[in-house]
Number of protein chains: 2
Amino acid sequence: MAKDTRRAPRQAEAERNDRALLEAAREVIGADGEHASVAAIAKRAGVGIGSLYRRYRTKEELFQRLSVIALDGYHRAATEGLAIDDPWEGLVHYVTAAIGLGAGSLGPIAGTITVTDEMADKNERADDAVATLVERARAAGALRADVTQVDLDLLIEQLATSPLLDQLRKQGRTDLLDVAWNARTRITAIALDGLRATASQPLPGHPPGRELLTERWTPADEVDDVRR
Amino acid sequence: MAKDTRRAPRQAEAERNDRALLEAAREVIGADGEHASVAAIAKRAGVGIGSLYRRYRTKEELFQRLSVIALDGYHRAATEGLAIDDPWEGLVHYVTAAIGLGAGSLGPIAGTITVTDEMADKNERADDAVATLVERARAAGALRADVTQVDLDLLIEQLATSPLLDQLRKQGRTDLLDVAWNARTRITAIALDGLRATASQPLPGHPPGRELLTERWTPADEVDDVRR
DNA sequence: ATGCTAACGGAGCGATTCGCTCCGCTTCAA
DNA sequence: TTGAAGCGGAGCGAATCGCTCCGTTAGCAT
């Protein structure tokens with residue numbers, strides 16, 4: 001009963017493989033969307049299919065794990081942003097960190113996996129933190145008044161999803177990845193400048209409602225009018 | 001020899017089908033990327049597979065046609081922009097029109113089809129027109145000085161690709177399409193505000209080179225380091 | 001050295017989906 | 001009424017899918 005941590009033949013390798021799997025899954029999903037195959041993920045991770053299925057009982061379980069990790073990332077980014085004194089700098093931190101997570105590629109799998117309680121819970125916590133961040137920045141007069149939280153969420157998704165980066169990764173053009181990454185940073189900077197309170201004209205149309213973000217996670221039951 | 005347009009049993013239906021096919025192909029590619037299947041395209045268009053293959057000898061030929069149409073659209077948008085007297089308004093017209101084309105979804109098929117001479121030619125023409133448009137806006141002091149044409153191209157691609165819109169279309173959620181479309185218009189407006197000359201700080205890093213836009217079209221020959 | 005065992009990689013299963021062909025049916029001008 | 005242009009989709013062989021199953025390998029204790 002003295003030694004309880006005595007068995008671990010190849011445990012270090014297992015952890016490395018798990019990390020590789022999660023990263024590979026993100027990349028392959030970015031490249032192939034919901035069609036991402038477990039074979040492609042395993043190959044990209046340099047890991048056997050068997051090892052993948054020892055850790056995750058099904059493909060869906062792996063995808064759910066990815067979602068949870070992404071939601072954790074968003075929550076952490078928002079918390080870090082709140083820890084910054086200057087409201088505008090805090091918001092900028094969140095936006096850039098959220099985009100840098102590389103989780104934007106997960107969008108396409110929304111609606112193809114069932115939402116676990118853990119996912120719903122973490123999503124709510126992250127949302128709350130972001131709401132505080134946004135309100136603080138707006139109250140300080142740093143963020144233009146007509147931008148809602150949903151606007152910001154959609155802007156982040158728009159910038160976080162990069163077909164160019166996904167394709168370069170898929171083609172293994174690691175030589176161009178740095179340049180492409182920097183290019184997106186520039187675009188992000190442009191968008192952030194547009195978020196400042198110095199707006200020339202009010203945003204067009206009505207502010208989008210939350211349903212835009214939530215309804216996409218409802219599985220494609222019989223909604224598919226194409227098959228009707 | 002007098003009457004040369006006398007035979008056309010179901011020609012009207014054929015034209016309608018062709019338009020439906022092209023639109024459906026854009027949508028399905030947006031949803032499924034390079035994995036888009038001809039069956040899905042035909043079904044979405046409400047057309048038989050046979051009709052698709054009577055017009056396009058192969059799937060690649062259909063995709064090439066889509067690319068040509070997209071390039072025509074970019075060129076037209078740029079030309080229209082140049083026809084507008086105010087340099088800034090002209091640029092705004094091009095950006096919004098280019099995003100609205102719905103051709104951003106085509107990005108994922110870059111590198112999976114061979115580039116025809118027609119495509120290369122039209123691409124060059126469109127590029128030239130955009131270059132003029134950008135230089136004019138910058139010379140007028142409307143566009144911030146540190147934004148290059150490549151920056152603008154990438155910004156347009158970033159905004160033109162919308163996982164949310166693609167997914168809603170795929171799920172047949174036509175009820176939310178208008179809201180989502182308006183939401184992206186708002187985001188576009190934010191980005192355009194960021195492009196104005198009133199920049200607070202210079203853009204980070206170095207301006208990206210053209211190769212970011214061109215090299216992605218080189219087929220994934222043996223570049224794929226994943227399979228090595 | 002020699003077990004013991006947890007973790008490994010991947011061949012291969014049945015099922016599905018792929019691009020595409022082929023053909024009987026439908027529509028319309030003459 | 002007829003002929004031909006256009007139609008939809010069943011079905012072909014090939015490829016790919018998610019997943020199981022099993023012989024092999026690597027590190028611990030003896």
Side-chain angles (χ1 to χ4, degrees), chain A residues 1-22 24-25 28-29 31-66 109 112-114 170 224 226-227, chain B residues 1-21 24-25 28-29 31-66 109 112-114 170 224 226-228:
Chain A
M1 59 165 63
K3 15 181 180 174
D4 44 359
T5 57
R6 91 205 76 106
R7 38 171 164 152
R10 300 172 73 173
Q11 179 193 329
E13 185 181 7
E15 286 182 13
R16 264 185 294 125
N17 282 347
D18 191 31
R19 266 190 293 273
L21 274 175
L22 289 169
V28 175
I29 290 175
D32 295 339
E34 60 169 318
H35 297 59
S37 70
V38 287
I41 293 174
K43 174 178 280 184
R44 171 134 206 137
V47 155
I49 298 180
S51 302
L52 190 157
Y53 273 97
R54 199 169 312 101
R55 250 165 288 282
Y56 306 98
R57 281 176 304 178
T58 111
K59 180 181 167 182
E60 182 174 34
E61 193 172 300
L62 167 62
F63 284 5
Q64 288 169 335
R65 186 79 234 280
L66 275 180
I109 66 172
T112 70
I113 60 177
T114 47
K170 180 174 192 174
D224 201 341
V226 176
R227 305 184 180 273
Chain B
M1 58 167 61
K3 15 183 180 173
D4 42 1
T5 56
R6 92 206 77 107
R7 40 170 165 153
R10 300 172 72 174
Q11 179 193 327
E13 185 181 9
E15 286 182 13
R16 265 185 293 124
N17 282 345
D18 192 31
R19 266 192 293 272
L21 274 174
V28 175
I29 290 176
D32 296 340
E34 60 170 319
H35 297 63
S37 70
V38 288
I41 294 173
K43 174 177 282 185
R44 170 133 207 134
V47 155
I49 299 180
S51 302
L52 189 157
Y53 273 98
R54 197 170 314 102
R55 251 166 285 284
Y56 305 98
R57 281 175 305 179
T58 111
K59 181 181 166 182
E60 181 174 34
E61 192 172 300
L62 168 61
F63 284 5
Q64 288 169 334
R65 186 79 234 282
L66 276 180
I109 67 172
T112 68
I113 59 176
T114 46
K170 181 174 193 173
D224 201 341
V226 176
R227 306 187 177 271
R228 285 180 177 276

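Labels below follow one simple rule: chain letters A, B, ... track the order of the sequence lines, proteins then strands, and each chain is numbered from 1.
In plain terms, the two heavy atoms of B:Ala20 and B:Ala45 that are nearest each other are O-CB, 3.6 Å. Of all the heavy atoms in A:Val47 and A:Leu52, the pair that sits closest is CG1-N, 4.4 Å. Residues A:Leu62 and A:Ala25 share a closest heavy-atom pair of CD2-CB, 4.3 Å.
If you find the closest nucleotide of DNA chain D to B:Glu15 and to B:His35, the one lying nearer the 5' end belongs to B:Glu15.
Heavy-atom distances under 4.0 Å link DNA chain C to no residue of residues 57-65 of chain A.
One can place CD1 of B:Ile41 at 11 Å from P of C:dC18, the figure rounded to the nearest angstrom. When rounded to the nearest whole Å, the span between CG of A:Asn17 and C1' of C:dG10 equals 14 Å. As rounded to whole Å, 16 Å separates atom P of C:dA11 from atom CG of A:Leu52. What separates CG of A:Asp32 from C1' of D:dC17 is a distance of 13 Å, to the nearest Å. Atom C1' of nucleotide D:dG8 and atom CZ of B:Arg55 are separated by 12 Å, given to the nearest angstrom. Look at NZ on A:Lys43: it is 14 Å from C1' on C:dA11, rounded to the nearest Å. Remark: P of D:dC19 and CZ of A:Arg54 are 15 Å apart, rounded to the nearest angstrom. Spacing between atom CD1 of A:Ile109 and atom P of D:dG18 amounts to 13 Å, rounded to whole angstrom units.
Rounded to 10°, the angle separating the first-five-pair axis and the last-five-pair axis of the helix from C:dA1-D:dT30 to C:dA30-D:dT1 equals 10°.
Contacts classified as ring-ring contact (aromatic ring centres under 6.0 Å, His included) and involving residues 39-63 of chain B (residues at least two apart or in different chains) are not found.
Taking CZ from A:Arg19 and CG from A:Leu21, the interatomic distance works out to 11.5 Å, rounded to the nearest 0.5 Å. In this structure, the separation between CD on B:Glu15 and CZ on B:Arg55 is 9.5 Å, given to the nearest 0.5 Å. The structure places NZ of B:Lys43 at 9.0 Å from OG of B:Ser37, a figure rounded to the nearest 0.5 Å. With values rounded to the nearest 0.5 angstrom, B:Glu61 atom CD is found 10.0 Å from B:Arg65 atom CZ.
When heavy atoms are screened at a 4.0 angstrom cut-off, A:Ala45 is found touching no nucleic acid atom at all. B:Arg16 comes within 4.0 angstrom of nothing in the nucleic acid, heavy atoms only. Contact annotation for A:Ala36: backbone-only contact, meaning every heavy-atom pair under 4.0 Å involves sugar-phosphate atoms and none involves a base.
Residues B:Glu60 and B:Thr112 have side chains not in contact (no heavy-atom distance under 4.5 Å, counting atoms from C-beta outward). A:Ile49 is not listed as a side-chain neighbour of A:Ile41, based on a closest heavy-atom distance of 4.5 Å or more.
With C:dG19, D:dG8, C:dG9 as the choices, the nucleotide that has an atom nearest any side-chain atom of B:Val38 turns out to be C:dG19. The side chain of A:Tyr53 lies closest to D:dG18 when the candidates are C:dC20, D:dG8, D:dG18.
Every residue two or more places apart in sequence or in another chain that forms a side chain to side chain contact (heavy atoms under 4.5 Å, CB included) with A:Asp32 is listed here: A:Val28, A:Ala36, A:Lys170, B:Glu34, B:His35. Scored by the side chain to side chain contact (heavy atoms under 4.5 Å, CB included) test, B:Arg54 finds B:Ser51 as partners (sequence neighbours excluded).
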Close N/O contacts between protein and nucleotides 12-15 of chain C (under 3.5 Å):
none

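Applying the 4.0 Å criterion to OP1 and OP2 of C:dG9, one finds that A:Ser51 has a side-chain N or O inside that range. One finds a side-chain N or O of A:Ser37 lying less than 4.0 angstrom from the OP1 or OP2 phosphate oxygen of D:dC17.
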